[in-house]
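Values in this document were obtained by computation on a predicted structure and should not be read as measured data. Start at 1 and go down the list; that is how both ligands and their atoms are numbered.
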Amino acid sequence: MHKVVVLGTGPAGLTAAIYLARANMNPLVIEGNEPGGQLTLTTEVENFPGFPDGIMGPELMQNMRKQAERFGATFRTGWVTNADLVRRPFSLTIDGTEEIQTETLVVSTGASAKLLGIPGEKENIGRGVSTCATCDGFFFRGKRVVIVGGGDSAMEEANFLTKFDTEVKVVHRRNELRASKIMQDRAHNNQKITWSLNSTPTEVIANEKGVTGLKVKDNDTGIEEIIETDGVFIAIGHRPNTAFLQGQLKTDETGYIMVTPGTTETNIPGVFACGDVQDHRYRQAITAAGTGCMAALDCEKYLEGNAVHNWGM
Ligand code: NAP
C-alpha cells in the first residue's frame, strides 16, 4: 500500500511530488496520456519566475520531473479508470485492470481546454493555434489574431491581446455574447477589437510556416469566408479532468473540485486537490505549482494525524 499517490504530472502534481519526496513520503506519481500537462502544449514560457531568458514548456516540465525523481518520487504511466474513495485505504484502478491502494491522494489532473474539433485546429497548436493568451500572446506582437468564444475568457483574452499592438477579432457563434456585462462593455469599448458575430468557425487554414486564416460560416446565410490571421486563440472554456471520480468529490456546478478555502482539502479527509482541477480563475503554471506545494504540506500534516484545520491558522 502507498502512503500517498499523486495523480497528474503538470506543475501542481510535480511540485506536490517534489515536496512529498523530500519529506520521505515516497510518493507514487501517476502520469496519464498528457505527461507534463498543458505546458507541454506551449512553446516558450516567459513568465515562470527564475528563468530570465524564458524556458520551453516541455523542458520546464522535464526539469520538475527530474527534481521529483531525485528525491525518490516514483512514476508510472497509466490511466486511472476508477477510484473508490469511500472505503479506506482508497483504491484506484489503473488501465481498467490493476488496483492500487493508498492512504492519501493528491488529485492534480488539471483541466483541458475545450477545442472546436475542426480541421487544421489540433495539428496547428503551437504553430498559431493557442488556448492560452496569457502564455502565447506576446509572440503575436504587432500581428493579427482571432479569438474564438463569447464568454468572459474570450473577452478577457481579447482585451489582453490588444496590449501587444495586435489586431484582434472576436469570432462568436451567436449574436449575443455570454460574457458578463462588465466584460462585454470593456471589450466593446476597446477600439482595437473588431467582431465577427453569428459566425461558426469551420477550418483553420495554415501553410508550412503556420496559421494564415480561419474559415468561418455565417449562420444566417451559410456563406463561408476566410478571415486572414496569424493566430487563432480558442477560448471556449475548460473542462476539469474529474470524470474518473464519478462524483465522489464535491465540485462546483462547472465540475471544478471544491476545496476548503485557503487549503487543498476536499470534502473527503485525506484527499487533496491542487492545480487547475480546482482553479478556473488563475490557471497559471506558477499558481498550480503553489497549490501543489500546499497539497503536499496538507497531506504531510494529515498523515501525521494533524489535519489542516488543526494547524491553528
Ligand atoms: P464559458 O463562459 O463557458 O464561455 C464559453 C464560450 O465559448 C461561450 O460563448 C460559448 O458559446 C463558446 N463556445 C463553447 N463551445 C463552442 C464551440 N464548440 N464552438 C464555438 N463556440 C463555442 O467559458 P469561459 O469564458 O472560459 O468562462 C468559464 C468561467 O470562468 C465562467 O464562469 C466565467 O465567468 C469565468 N471567468 C471569469 C473571468 C473574470 O471574471 N475575469 C475571466 C474568465 C473566466 P455560447 O455562448 O453560444 O454557448
Side-chain angles (χ1 to χ4, degrees), residues 37-38 41-42 47 110-125 129-137 145-163 168-190 193-205 211 213-220 222-227 229 231-242 250-259 261 273 275-288 291:
Q38 294 180 66
L41 299 177
T42 68
N47 54 7
S112 304
K114 292 185 197 162
L115 292 176
L116 295 162
I118 57 174
E121 181 187 40
K122 230 177 185 169
E123 52 270 42
N124 284 303
I125 288 177
V129 174
S130 169
T131 53
C132 179
T134 320
C135 323
D136 298 330
V145 297
V146 164
I147 299 266
V148 180
D152 282 337
S153 295
M155 298 308 109
E156 191 168 73
E157 301 209 341
N159 270 313
F160 175 76
L161 286 165
T162 61
K163 294 188 181 145
V168 179
K169 186 183 280 287
V170 174
V171 171
H172 179 44
R173 64 183 176 185
R174 291 185 298 132
N175 268 323
E176 294 86 40
L177 297 170
R178 177 175 294 277
S180 55
K181 186 171 178 324
I182 185 167
M183 300 294 276
Q184 290 195 33
D185 288 350
R186 212 171 280 162
H188 281 308
N189 291 335
N190 188 331
I193 297 176
T194 57
W195 303 84
S196 175
L197 298 179
N198 209 19
S199 286
T200 300
T202 55
E203 185 178 352
V204 175
I205 314 287
V211 167
L214 179 69
K215 194 186 273 184
V216 297
K217 186 178 80 179
D218 183 300
N219 290 337
D220 288 334
I223 294 172
E224 287 196 317
E225 65 156 328
I226 293 175
I227 300 170
T229 184
V232 175
F233 284 84
I234 317 282
I236 61 171
H238 284 74
R239 192 178 289 114
N241 299 318
T242 53
K250 217 169 172 182
T251 61
D252 68 12
E253 67 283 357
T254 49
Y256 287 85
I257 296 175
M258 290 174 77
V259 292
D276 286 12
V277 76
Q278 53 83 56
D279 168 27
H280 63 78
R281 185 185 173 102
Y282 298 105
R283 299 198 301 243
Q284 300 300 300
I286 188 68
T287 51
T291 56

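- Counting protein heavy atoms under 4.0 angstrom from atom 17 (C) of ligand 1 gives one or more.
- Counting protein heavy atoms only, atom 31 (C) of ligand 1 is closest to Asp152 OD2, 4.7 Å.
- Salt-bridge annotation for Lys181 and Asp185: present, with a side-chain N of the basic residue lying under 4.0 Å from a carboxylate O of the acidic one.
- Between atom 11 (O) of ligand 1 and the options Arg173, Arg281, Arg239, Glu253, the minimum heavy-atom separation is to Arg173.
- Distances below 4.0 Å separate heavy atoms of Arg174 from the following atoms of ligand 1: 45 (P), 46 (O), 47 (O).
- Using a 4.5 Å heavy-atom threshold, the side chains of Trp195 and Leu177 count as touching.
- In terms of protein heavy-atom proximity, atom 9 (O) of ligand 1 is closest to Gly150 N, 3.0 Å.
- Within the 3.5 Å criterion, the main-chain N or O of Phe160 finds no donor-acceptor partner in the side chain of Thr162.
- The single protein non-hydrogen atom nearest to atom 3 (O) of ligand 1 is Arg178 CD, 4.3 Å, given as residue, atom name and distance.
- Closest to atom 42 (C) of ligand 1 among all protein heavy atoms lies Glu156 OE1, 3.5 Å.
- At a heavy-atom distance under 4.0 Å, only side-chain atoms of Leu116, from C-beta outward, approach ligand 1.
- Under the side chain to side chain contact (heavy atoms under 4.5 Å, CB included) test applied with Leu214, the options Thr202, Val129, Val145, Val148 reduce to a single match, Val148.
- With a 4.0 Å heavy-atom cut-off, ligand 1 is reached by the side chain of His172 but not by its N, CA, C or O.
- Of the candidates Ile236, Val171, Ile182, Leu115, Ile236 brings a heavy atom nearest to atom 12 (C) of ligand 1.
- The atoms of ligand 1 that sit less than 4.0 Å from any heavy atom of Gly237 are 23 (O), 26 (O).
- Protein heavy atoms are found inside the 4.0 Å sphere centred on atom 6 (C) of ligand 1.
- Near His280, the atoms of ligand 1 lying under 4.0 angstrom from a non-hydrogen atom of the residue are 30 (O).
- Of the listed residues (Glu157, Met183, Gln184), just one forms a side chain to side chain contact (heavy atoms under 4.5 Å, CB included) with Asp152, and that residue is Met183.
- What you find for Ala158 and Ile193 is that their closest heavy atoms are CB-CD1, 3.8 Å.
- Remark: Arg239 CZ is loosely packed, at most 12 non-hydrogen atoms of other residues, nucleotides or ligands lying under 6.0 Å away.
- A heavy-atom distance below 4.5 Å is not found between the side chains of Phe233 and Val168.
- Within a 6.0 Å radius of NZ in Lys250, no more than 12 heavy atoms belonging to other residues, nucleotides or ligands are found.
- For atom 27 (O) of ligand 1, the nearest non-hydrogen atom from the set Gly149, Ser153, Gly151 belongs to Ser153.
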